[in-house]
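Beneath this line is the structure, given in structure tokens, with notes to follow.
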Protein chains: 2
Amino acid sequence: MIESKVTELLKKTQLSVTDGRRRILELFLQHEGALSHGDIEKKAGEKFDRVTVYRTLQAFLEKGLIHSIPSSDNSIRYALCKDDCSDGHHQDDHVHFICNRCGNTTCLEEVVVPSIKLPRGYSAQQVEMLVSGICKSCGGA
Amino acid sequence: MIESKVTELLKKTQLSVTDGRRRILELFLQHEGALSHGDIEKKAGEKFDRVTVYRTLQAFLEKGLIHSIPSSDNSIRYALCKDDCSDGHHQDDHVHFICNRCGNTTCLEEVVVPSIKLPRGYSAQQVEMLVSGICKSCGGA
DNA sequence: ATAACAAATGCAACAAAGTTGCAAAAAGAA
DNA sequence: TTCTTTTTGCAACTTTGTTGCATTTGTTAT
């Protein structure tokens, strides 16, 4: 049951279990792809205030439940983290894929971001790789 | 002289040469890093309307004068393209670096984005690599 | 189970960012 | 210079994101 998993996840991250948080976490678990703030606002229905969504995403981010995915269209997406992320310490070394047809953003957990050599003087703290193209579902090519 | 280069660039891309476009292009040539809409609005002073900045960036993008750089903070940056970009056909295969200290975003022209193997069913059209950390100027480590 | 406390929510009021239509102004061509 | 096309600025608006505060809800200890 998804219900119990949601509650378990919230408990594990020391977040108090509220309707809003349960609902939003549920969305992430069901959806399988990344969600933007707007997506969530729409899907969660009118049951929750816009502000609550902002604050919930913020809380999830800080607790390492989700990670954010940059974008070129001013709409950051969020996706569930794997278990080895916690308290803002993300271990997300996978590639993100943005489909130009369906618009979905997904985590390619199995594709690891390759390491690169930076010019002298630069030091890297985080690397993000964003691939756009046609995804598996749309690729009837 | 930078003046002439600006005009030359605009002519080459078949954009009519106006004060606003000259000024904004000038900013890009002077600044050496990437600029967000907000940056430009501030730097260009009150001389130009907000709307003009939007439209100018849009035009520059379409003509391949600049390319956009995704971000995790809802503020897309733009940077000059090299000569081999034209009319929406970007050839920007370099890594972008975001400094966590000074906040600047720069193009690491000399670092090429490595190619990766995607899972079966996915096809890539564009790859973006975003590295954040400490840049050369800030790296007094 | 309930009282006491802490935390989250909703609301309202903003601030900031982005969009659109249209008349005036400036650029480009003849 | 004059005509035509493009760009600009303005106004009005929509969307997105933020903050403070009173109310409600969850949590903990009794």
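So you know, we letter chains A, B, ... as the sequences are listed, proteins then strands, and number each from 1. Note that this is a predicted model, so its numbers are computed, not measured.
Across the protein-nucleic acid pair, B:His37 atom NE2 and D:dT16 atom P stand 17 Å apart, rounded to whole Å. Between A:Glu41 atom CD and D:dT15 atom P there is a gap of 11 Å when expressed in whole angstrom units. The separation between A:Gln14 atom CD and D:dG26 atom P is 19 Å, rounded to whole Å. Atoms CZ (B:Arg23) and P (D:dG9) sit 14 Å apart, rounded to a whole Å. The nearest whole Å value for the distance from the CG atom in A:Asp49 to the P atom in D:dG17 is 14 Å. D:dC10 atom P lies 12 Å from atom CD of B:Glu46, rounded to whole Å. Nucleotide D:dT18 holds its P atom 11 Å from the CG atom of A:Leu57, rounded to whole Å. Atom CD1 in A:Ile76 sits roughly 11 Å away from atom C1' in D:dG17 (whole-Å rounding).
On the nucleic acid side, DNA chain C has its first and last nucleotide under 4.0 Å of a heavy atom of chain B at C:dA17 to C:dG28, going 5' to 3'.
Counting only N and O atoms by type, the side chains of A:Asn104 and A:Thr106 include no donor and acceptor under 3.5 Å apart.
Toward the 5′ end of DNA chain C lies the nearest nucleotide of A:Arg55, the other residue of the pair A:Arg50 and A:Arg55 mapping further downstream.
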Could you go over nucleotides 27-30 of chain D and give all protein N or O partners under 3.5 Å, atom names and distances?
unit_1	atom_1	unit_2	atom_2	d
D:dT27	OP1	A:Val17	N	2.7

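Across its full length, the helix from C:dA1-D:dT30 to C:dA30-D:dT1 shows an angle of 40° between the axes of its 5 terminal pairs at either end, rounded to 10 degrees.
Counting only distance, with no hydrogens or angles, the side chain of B:Arg21 and the backbone of B:Ser16 share a donor-acceptor pair below 3.5 Å.
With a 4.5 Å cut-off on side-chain heavy atoms, B:Val127 and A:Met129 count as touching.
The number of heavy atoms from other shown groups lying within 6.0 Å of CD (B:Glu32) does not exceed 12.
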